[in-house]
Amino acid sequence: MSQPITVKPGHKIRLADFDASFKNGVDSREAAEAETEASVSAMTDLAYRLYAENRRALLIVLQGMDTAGKDGTIRHVMRGVSPQSCQVKPFKQPSAEELDHDFLWRIHKAVPAKGNIGIFNRSHYEDVLVVRVHNLVPQDVWEKRYDTINGFERFLVDGGTTIIKIFLHISKDEQKERLEERLHDAKKRWKLSPADVAERKLWDDYQRAYEDALTHCNTDYAPWHIVPANRKWYRNFVISKLLREALEKMDPKFPPPASDLDKLVIE
Ligand code: AMP
Ligand code: MG
(Lines give C-alpha, C1' and ligand atoms only; values in the text may rest on other atoms or scores of the structure.)
(Ligands and ions follow the chains in the order given, each with its own letter.)
Protein backbone atom coordinates (compact mmCIF):
# COMPACT_ATOMS: atom_id res chain seq x y z
CA MET A 1 0.00 0.00 0.00
CA SER A 2 1.24 3.48 -0.71
CA GLN A 3 0.29 6.77 0.83
CA PRO A 4 1.02 10.09 -0.84
CA ILE A 5 2.68 12.94 1.01
CA THR A 6 1.15 15.58 -1.21
CA VAL A 7 -2.40 15.85 -2.50
CA LYS A 8 -3.48 17.43 -5.77
CA PRO A 9 -4.71 21.01 -5.17
CA GLY A 10 -8.49 21.21 -5.13
CA HIS A 11 -8.98 17.80 -3.50
CA LYS A 12 -10.51 17.59 -0.04
CA ILE A 13 -7.97 16.36 2.50
CA ARG A 14 -9.29 13.94 5.12
CA LEU A 15 -6.71 13.18 7.78
CA ALA A 16 -8.40 9.87 8.62
CA ASP A 17 -7.22 8.70 5.19
CA PHE A 18 -3.60 9.17 6.27
CA ASP A 19 -1.93 6.63 8.54
CA ALA A 20 0.32 8.47 11.00
CA SER A 21 2.39 5.29 11.46
CA PHE A 22 2.89 4.77 7.74
CA LYS A 23 6.47 3.94 6.71
CA ASN A 24 6.10 3.22 3.02
CA GLY A 25 7.68 -0.20 3.11
CA VAL A 26 10.84 1.14 4.81
CA ASP A 27 11.59 -1.71 7.19
CA SER A 28 15.14 -0.99 8.15
CA ARG A 29 15.37 1.87 10.61
CA GLU A 30 19.17 1.72 10.35
CA ALA A 31 19.11 2.15 6.57
CA ALA A 32 16.66 5.05 6.86
CA GLU A 33 18.85 6.71 9.49
CA ALA A 34 21.88 6.35 7.24
CA GLU A 35 19.98 8.04 4.44
CA THR A 36 18.87 10.80 6.80
CA GLU A 37 22.55 11.39 7.61
CA ALA A 38 23.35 11.60 3.91
CA SER A 39 20.54 14.10 3.32
CA VAL A 40 21.54 16.20 6.33
CA SER A 41 25.10 16.38 5.08
CA ALA A 42 24.02 17.17 1.50
CA MET A 43 21.99 20.05 2.93
CA THR A 44 25.15 21.52 4.48
CA ASP A 45 26.61 22.07 1.02
CA LEU A 46 23.35 23.12 -0.63
CA ALA A 47 22.56 25.68 2.09
CA TYR A 48 26.09 27.06 1.78
CA ARG A 49 25.57 27.54 -1.95
CA LEU A 50 22.18 29.16 -1.37
CA TYR A 51 23.84 31.59 1.03
CA ALA A 52 26.68 32.35 -1.39
CA GLU A 53 24.28 32.85 -4.28
CA ASN A 54 22.25 35.29 -2.17
CA ARG A 55 19.34 35.52 -4.61
CA ARG A 56 16.63 33.20 -3.30
CA ALA A 57 15.31 31.89 0.01
CA LEU A 58 13.75 28.73 1.42
CA LEU A 59 10.89 28.92 3.91
CA ILE A 60 9.92 25.81 5.84
CA VAL A 61 6.56 25.98 7.61
CA LEU A 62 6.13 23.41 10.39
CA GLN A 63 2.68 22.74 11.78
CA GLY A 64 1.24 19.94 13.88
CA MET A 65 -0.67 19.18 17.05
CA ASP A 66 1.09 19.57 20.42
CA THR A 67 3.88 16.93 20.70
CA ALA A 68 3.81 16.28 16.92
CA GLY A 69 7.57 16.83 16.81
CA LYS A 70 8.12 20.35 15.49
CA ASP A 71 11.06 21.04 17.82
CA GLY A 72 12.54 17.57 17.29
CA THR A 73 12.36 17.93 13.51
CA ILE A 74 14.29 21.19 13.67
CA ARG A 75 16.89 19.67 16.01
CA HIS A 76 17.49 16.58 13.90
CA VAL A 77 16.99 17.70 10.34
CA MET A 78 18.51 21.18 10.39
CA ARG A 79 21.64 20.40 12.38
CA GLY A 80 23.87 20.42 9.31
CA VAL A 81 23.03 23.97 8.28
CA SER A 82 25.12 26.89 9.49
CA PRO A 83 23.27 29.13 12.00
CA GLN A 84 24.59 32.02 9.93
CA SER A 85 22.21 31.23 7.07
CA CYS A 86 19.32 29.65 8.94
CA GLN A 87 16.82 31.19 11.35
CA VAL A 88 14.13 29.50 13.40
CA LYS A 89 11.11 31.59 14.27
CA PRO A 90 8.63 30.19 16.79
CA PHE A 91 5.19 31.77 16.72
CA LYS A 92 3.52 31.89 20.14
CA GLN A 93 0.40 33.70 21.30
CA PRO A 94 0.53 37.13 19.67
CA SER A 95 1.64 40.07 21.82
CA ALA A 96 -0.58 43.10 22.36
CA GLU A 97 1.39 44.96 19.70
CA GLU A 98 1.04 42.07 17.23
CA LEU A 99 -2.70 41.88 17.89
CA ASP A 100 -2.97 45.57 17.02
CA HIS A 101 -1.79 44.72 13.49
CA ASP A 102 -3.05 42.43 10.76
CA PHE A 103 -2.29 38.74 11.31
CA LEU A 104 0.44 38.64 8.66
CA TRP A 105 2.41 41.58 10.09
CA ARG A 106 4.55 39.49 12.42
CA ILE A 107 4.84 36.76 9.81
CA HIS A 108 6.10 38.95 6.99
CA LYS A 109 8.76 40.45 9.28
CA ALA A 110 10.12 36.94 9.89
CA VAL A 111 10.36 35.58 6.35
CA PRO A 112 13.89 34.53 5.36
CA ALA A 113 16.13 37.03 3.60
CA LYS A 114 17.74 36.11 0.29
CA GLY A 115 20.33 33.39 0.74
CA ASN A 116 18.71 32.11 3.92
CA ILE A 117 16.61 29.25 5.16
CA GLY A 118 13.78 30.25 7.48
CA ILE A 119 11.93 27.77 9.67
CA PHE A 120 8.56 28.69 11.08
CA ASN A 121 7.78 26.68 14.21
CA ARG A 122 4.01 27.30 13.91
CA SER A 123 3.06 30.07 11.55
CA HIS A 124 0.32 32.19 9.99
CA TYR A 125 -1.71 28.95 9.93
CA GLU A 126 -2.36 29.35 13.67
CA ASP A 127 -4.67 32.17 12.61
CA VAL A 128 -7.02 29.64 10.98
CA LEU A 129 -6.38 26.87 13.56
CA VAL A 130 -6.19 27.85 17.25
CA VAL A 131 -7.98 31.09 16.42
CA ARG A 132 -10.86 29.15 14.84
CA VAL A 133 -11.03 26.42 17.49
CA HIS A 134 -11.15 28.99 20.29
CA ASN A 135 -13.35 31.53 18.49
CA LEU A 136 -10.74 34.24 18.93
CA VAL A 137 -12.17 36.08 15.93
CA PRO A 138 -15.57 35.61 14.24
CA GLN A 139 -15.94 33.02 11.46
CA ASP A 140 -16.39 35.63 8.72
CA VAL A 141 -12.95 36.97 9.66
CA TRP A 142 -10.95 33.69 9.79
CA GLU A 143 -12.73 32.29 6.75
CA LYS A 144 -11.33 35.05 4.55
CA ARG A 145 -7.81 34.25 5.71
CA TYR A 146 -7.39 31.19 3.47
CA ASP A 147 -7.46 33.43 0.39
CA THR A 148 -5.29 36.02 2.13
CA ILE A 149 -2.73 33.32 2.98
CA ASN A 150 -2.73 31.97 -0.58
CA GLY A 151 -2.15 35.48 -1.94
CA PHE A 152 0.64 36.13 0.57
CA GLU A 153 2.39 32.87 -0.23
CA ARG A 154 2.05 33.56 -3.98
CA PHE A 155 3.69 36.92 -3.38
CA LEU A 156 6.61 35.31 -1.53
CA VAL A 157 7.07 32.64 -4.19
CA ASP A 158 7.05 35.27 -6.96
CA GLY A 159 9.76 37.10 -5.04
CA GLY A 160 12.09 34.07 -5.12
CA THR A 161 11.16 32.16 -1.96
CA THR A 162 10.52 28.44 -2.15
CA ILE A 163 7.93 27.42 0.44
CA ILE A 164 7.79 23.92 1.92
CA LYS A 165 4.82 23.41 4.20
CA ILE A 166 4.92 20.38 6.46
CA PHE A 167 2.12 18.98 8.56
CA LEU A 168 3.45 16.53 11.15
CA HIS A 169 0.70 13.96 11.36
CA ILE A 170 0.47 12.04 14.65
CA SER A 171 -2.38 9.94 15.99
CA LYS A 172 -4.36 10.74 19.12
CA ASP A 173 -2.93 7.65 20.85
CA GLU A 174 0.61 8.72 20.03
CA GLN A 175 -0.07 12.17 21.50
CA LYS A 176 -1.28 10.52 24.72
CA GLU A 177 1.98 8.58 25.00
CA ARG A 178 4.06 11.66 24.32
CA LEU A 179 2.17 13.78 26.87
CA GLU A 180 2.62 11.02 29.45
CA GLU A 181 6.31 10.91 28.67
CA ARG A 182 6.51 14.64 29.25
CA LEU A 183 4.76 14.16 32.57
CA HIS A 184 7.16 11.47 33.77
CA ASP A 185 10.50 12.35 32.17
CA ALA A 186 12.38 15.03 34.15
CA LYS A 187 14.05 16.26 30.97
CA LYS A 188 10.72 16.74 29.21
CA ARG A 189 8.56 18.08 32.02
CA TRP A 190 9.38 21.68 31.22
CA LYS A 191 7.51 21.26 27.96
CA LEU A 192 4.24 20.19 29.54
CA SER A 193 1.58 22.67 30.54
CA PRO A 194 -1.93 21.97 31.80
CA ALA A 195 -3.11 23.86 28.70
CA ASP A 196 -1.78 21.01 26.52
CA VAL A 197 -4.08 18.58 28.32
CA ALA A 198 -7.01 20.96 27.85
CA GLU A 199 -6.18 21.36 24.15
CA ARG A 200 -6.16 17.59 23.72
CA LYS A 201 -9.87 17.58 24.56
CA LEU A 202 -10.37 19.66 21.41
CA TRP A 203 -8.55 17.11 19.23
CA ASP A 204 -11.45 16.63 16.80
CA ASP A 205 -11.99 20.38 16.38
CA TYR A 206 -8.31 20.82 15.58
CA GLN A 207 -8.32 17.96 13.08
CA ARG A 208 -11.26 19.58 11.29
CA ALA A 209 -9.56 22.99 11.30
CA TYR A 210 -6.38 21.36 9.95
CA GLU A 211 -8.28 19.56 7.21
CA ASP A 212 -9.77 22.84 6.03
CA ALA A 213 -6.47 24.72 6.20
CA LEU A 214 -4.61 21.93 4.38
CA THR A 215 -7.34 21.73 1.74
CA HIS A 216 -7.85 25.44 1.08
CA CYS A 217 -4.19 26.40 1.16
CA ASN A 218 -2.81 23.47 -0.83
CA THR A 219 -1.58 25.22 -3.96
CA ASP A 220 0.70 24.17 -6.78
CA TYR A 221 3.17 26.92 -5.80
CA ALA A 222 3.12 26.13 -2.05
CA PRO A 223 1.77 22.61 -1.49
CA TRP A 224 1.25 20.94 1.88
CA HIS A 225 3.19 17.81 2.78
CA ILE A 226 1.45 15.42 5.14
CA VAL A 227 4.25 13.60 6.92
CA PRO A 228 3.49 10.47 8.98
CA ALA A 229 5.11 11.42 12.29
CA ASN A 230 4.32 8.67 14.81
CA ARG A 231 7.80 7.29 14.21
CA LYS A 232 10.43 9.96 14.72
CA TRP A 233 13.08 8.23 12.61
CA TYR A 234 10.69 7.93 9.67
CA ARG A 235 9.61 11.57 10.07
CA ASN A 236 13.27 12.69 9.98
CA PHE A 237 13.94 10.44 7.00
CA VAL A 238 11.04 11.87 4.99
CA ILE A 239 11.64 15.52 5.87
CA SER A 240 15.40 15.47 5.34
CA LYS A 241 14.82 13.91 1.92
CA LEU A 242 12.12 16.45 1.10
CA LEU A 243 14.31 19.41 2.01
CA ARG A 244 17.37 18.01 0.30
CA GLU A 245 15.35 17.50 -2.90
CA ALA A 246 13.85 21.00 -2.67
CA LEU A 247 17.33 22.51 -2.39
CA GLU A 248 18.64 20.30 -5.21
CA LYS A 249 15.79 21.52 -7.38
CA MET A 250 16.65 25.13 -6.55
CA ASP A 251 20.21 24.22 -7.55
CA PRO A 252 21.88 27.28 -6.01
CA LYS A 253 25.11 28.36 -7.68
CA PHE A 254 28.16 30.17 -6.39
CA PRO A 255 28.01 33.69 -7.84
CA PRO A 256 30.63 34.82 -10.36
CA PRO A 257 33.55 36.71 -8.75
CA ALA A 258 32.98 40.42 -8.26
CA SER A 259 35.84 41.38 -10.60
CA ASP A 260 38.56 39.70 -12.63
CA LEU A 261 40.24 37.82 -9.80
CA ASP A 262 42.73 36.20 -12.18
CA LYS A 263 44.56 39.52 -12.44
CA LEU A 264 44.65 39.99 -8.69
CA VAL A 265 48.11 39.73 -7.14
CA ILE A 266 48.32 39.04 -3.44
CA GLU A 267 51.69 40.28 -2.15
P1 AMP B 1 4.33 26.10 21.77
O2 AMP B 1 4.47 25.95 20.29
O3 AMP B 1 4.11 24.82 22.48
O4 AMP B 1 5.42 26.92 22.35
O5 AMP B 1 2.99 26.91 22.03
C6 AMP B 1 2.71 28.13 21.43
C7 AMP B 1 1.24 28.43 21.64
O8 AMP B 1 0.94 29.66 20.99
C9 AMP B 1 0.33 27.37 21.04
O10 AMP B 1 -0.66 27.01 21.95
C11 AMP B 1 -0.27 28.10 19.84
O12 AMP B 1 -1.55 27.65 19.50
C13 AMP B 1 -0.27 29.54 20.32
N14 AMP B 1 -0.36 30.47 19.20
C15 AMP B 1 0.49 30.59 18.15
N16 AMP B 1 0.03 31.50 17.26
C17 AMP B 1 -1.13 31.95 17.75
C18 AMP B 1 -2.09 32.91 17.30
N19 AMP B 1 -1.94 33.56 16.15
N20 AMP B 1 -3.17 33.14 18.08
C21 AMP B 1 -3.33 32.47 19.24
N22 AMP B 1 -2.48 31.56 19.73
C23 AMP B 1 -1.39 31.30 19.01
MG1 MG C 1 3.72 23.36 23.67
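In each ligand, atom 1 is the first atom listed, and ligand 1 is the first ligand listed.
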Novice: Can you list the ligand 1 atoms lying under 4.0 Å from a non-hydrogen atom of V131?
Specialist: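 Under 4.0 Å from V131, ligand 1 has these atoms: 20 (N).
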
Novice: Under 4.0 Å from any heavy atom of K92, which atoms of ligand 1 are there?
Specialist: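 Going through ligand 1 atom by atom, the ones under 4.0 Å from K92 are 1 (P), 4 (O), 6 (C), 8 (O), 14 (N), 15 (C), 16 (N), 17 (C), 23 (C).
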
Novice: Decide, yes or no, whether a salt bridge links K187 with E181 under the criterion of side-chain N to carboxylate O below 4.0 Å.
Specialist: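 No, no charged N to carboxylate O under 4.0 Å.
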
Novice: Indicate whether the side chain of E126 and that of Q63 have a donor and an acceptor atom separated by less than 3.5 Å.
Specialist: yes

Novice: Looking only at side chains, do H134 and E199 share a donor and an acceptor under 3.5 Å apart?
Specialist: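 A pair is found: one side chain offers a donor N or O, the other an acceptor, under 3.5 Å apart.
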
Novice: How about R235 and T73: does a side-chain donor come under 3.5 Å of a side-chain acceptor?
Specialist: yes

Novice: On the 0 to 90° scale, with breaks at 30° and 60°, tag the W224-Y125 ring pair as parallel, tilted or perpendicular.
Specialist: perpendicular

Novice: Tell me which protein heavy atom sits closest to atom 13 (C) of ligand 1, plus the residue, atom name and distance to 0.1 Å.
Specialist: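 Nearest protein contact, heavy atoms only, for atom 13 (C) of ligand 1 is Q93 N, 3.9 Å.
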
Novice: Among M65, E126, E98, H134, which one puts a heavy atom closest to atom 11 (C) of ligand 1?
Specialist: E126

Novice: With atom 16 (N) of ligand 1 as the reference point, say which of E199, H124, R122, R106 has the nearest heavy atom.
Specialist: R106

Novice: To which of V130, V133, I107, V137 does the heavy atom nearest atom 21 (C) of ligand 1 belong?
Specialist: V130

Novice: Quick one: sort the F237 and Y234 rings into parallel, tilted or perpendicular, breaks at 30° and 60°.
Specialist: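 Aromatic pair F237/Y234 classed tilted.
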
Novice: Could you tell me, atom by atom, which parts of ligand 1 come under 4.0 Å of a heavy atom of D127?
Specialist: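 Going through ligand 1 atom by atom, the ones under 4.0 Å from D127 are 19 (N).
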
Novice: Among protein heavy atoms, which lies nearest atom 20 (N) of ligand 1, and at what distance?
Specialist: P94 CD, 3.3 Å

